[in-house]
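Since the structure comes first, as structure tokens, the remarks are kept for the end.
Please read these numbers as outputs of a predicted model, since none were measured by experiment.
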Amino acid sequence: MARFHVGYTQGVFDMFHIGHLNLLRQAKELCDFLVVGVNSDELVRSYKKKETVVSGKNRAEIVRSIKYVDQCDIVYSLDKFEQWKRYRFEAVFIGDDWKGNKRWIETEKELEKVGAAVMYLSYTSGISSTFLREEEKNAVKEGK
């Protein structure tokens, strides 16, 4: 039986990889209904100062098709309290590589006031969209 009824996670999910799948699988194991926010292209541009490889619309469609995901929406803010007002989740899930981060410590305090928990899930080391971008740059291209 799941620990939470509604859970939430959010991310870019660019160049979807096994780390993304592991996060969604772990989150779904802890809740009955998993909502996933896919950061809009504009939002990613504003805080990462770079373009996504895959468009927001397509990233959301990929995430929406995963069996662990019950609802997927494009989101326009990193503010988890704003997302809580929209989805009323009982827990937000994030990789444990963020544990101790100042922003997430503040998020914990803010969500605690409304009875929502921040759950840190095992981060899949050695894989990220940034890493994949670098690998792509260094890959030997066919015919060259």
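Taking SG of Cys72 as the reference point, atom CZ of Phe13 lies at 8.0 Å (rounded to 0.5 Å). Residue Gln10 holds its CD atom at 4.5 Å from CG of Asn39, rounded to the nearest 0.5 Å. Ile105 contributes atom CD1, which lies 10.0 Å from atom NZ of Lys99 (distance to the nearest 0.5 angstrom). For the atom pair Lys28 NZ and Phe93 CZ, the distance stands at 10.0 Å (nearest 0.5 Å). In this structure, OH on Tyr123 lies 11.0 Å from CG on Leu23, to the nearest 0.5 angstrom. Leu34 contributes atom CG, which lies 13.5 Å from atom NZ of Lys67 (distance to the nearest 0.5 angstrom).
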(message) Quick one, Lys80 with Trp104, criterion side chain to side chain contact (heavy atoms under 4.5 Å, CB included). Give me CA distance, side-chain angles, the key distance, then yes/no.
(response) CA-CA 10 Å; Lys80 298 307 177 279; Trp104 280 97; 3.8 Å; yes
(message) Test side chain to side chain contact (heavy atoms under 4.5 Å, CB included) on Lys48 and Val12; report intermediate values, then the result.
(response) CA-CA 10 Å; Lys48 287 198 171 208; Val12 179; 4.1 Å; yes
(request) Could you check Glu90 against Cys31 for side chain to side chain contact (heavy atoms under 4.5 Å, CB included), going step by step and ending with a plain yes or no? (result) CA-CA 9 Å; Glu90 297 154 73; Cys31 65; over 6 Å; no
(message) Evaluate Glu82 against Lys85 for salt bridge (charged side-chain N to carboxylate O under 4.0 Å, His left out), listing each step before the verdict.
(response) CA-CA 5 Å; Glu82 185 178 313; Lys85 289 190 281 187; over 6 Å; no
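Under the 4.5 Å side-chain heavy-atom criterion for grouping Ile, Leu, Val, Met, Phe, Trp and Tyr, Val44 is not connected to Trp98 through any hydrophobic cluster. Leu30 and Val6 are members of different hydrophobic clusters when ILVMFWY side chains are connected at heavy-atom separations under 4.5 Å. Neither Leu21 nor Ile94 shares a network with the other; the hydrophobic side chains, linked directly or stepwise wherever heavy atoms of I, L, V, M, F, W or Y lie under 4.5 Å apart, form separate groups for each. Hydrophobic clustering (side-chain heavy atoms under 4.5 Å, transitive across Ile, Leu, Val, Met, Phe, Trp, Tyr) groups Val92 together with Val75. No path of Ile, Leu, Val, Met, Phe, Trp and Tyr side chains, each step under 4.5 Å between heavy atoms, connects Phe81 with Leu78, placing them in separate hydrophobic clusters.
Glu110 places a side-chain heavy atom less than 4.5 Å from the side chain of Asp79.
Looking at every heavy atom in both residues, Arg86 comes nearest to Ile74 through NH1-O, 4.2 Å. Pairing each heavy atom of Ala91 with each of Met119, the nearest pair is CB-CG, 4.0 Å. What you find for Asp41 and Val54 is that their closest heavy atoms are OD1-O, 4.2 Å.
Residues that satisfy the ring-ring contact (aromatic ring centres under 6.0 Å, His included) test with Tyr8, not counting sequence neighbours, are Tyr87, Phe89. Under the side chain to side chain contact (heavy atoms under 4.5 Å, CB included) criterion, Arg88 pairs with Trp84, not counting sequence neighbours.
With hydrogens and angles disregarded, no donor-acceptor distance shorter than 3.5 Å links the side chain of Arg59 to the backbone of Asp14. One N or O on the side chain of Gln26 and one on the backbone of Ser122 form a donor-acceptor pair closer than 3.5 Å.
Surrounding CD of Glu112 are at most 12 heavy atoms belonging to other residues, nucleotides or ligands under 6.0 Å away.
Ion pairing between a basic and an acidic side chain is recognised when a charged N comes within 4.0 Å of a carboxylate O; Arg64 and Glu61 show such pairing.
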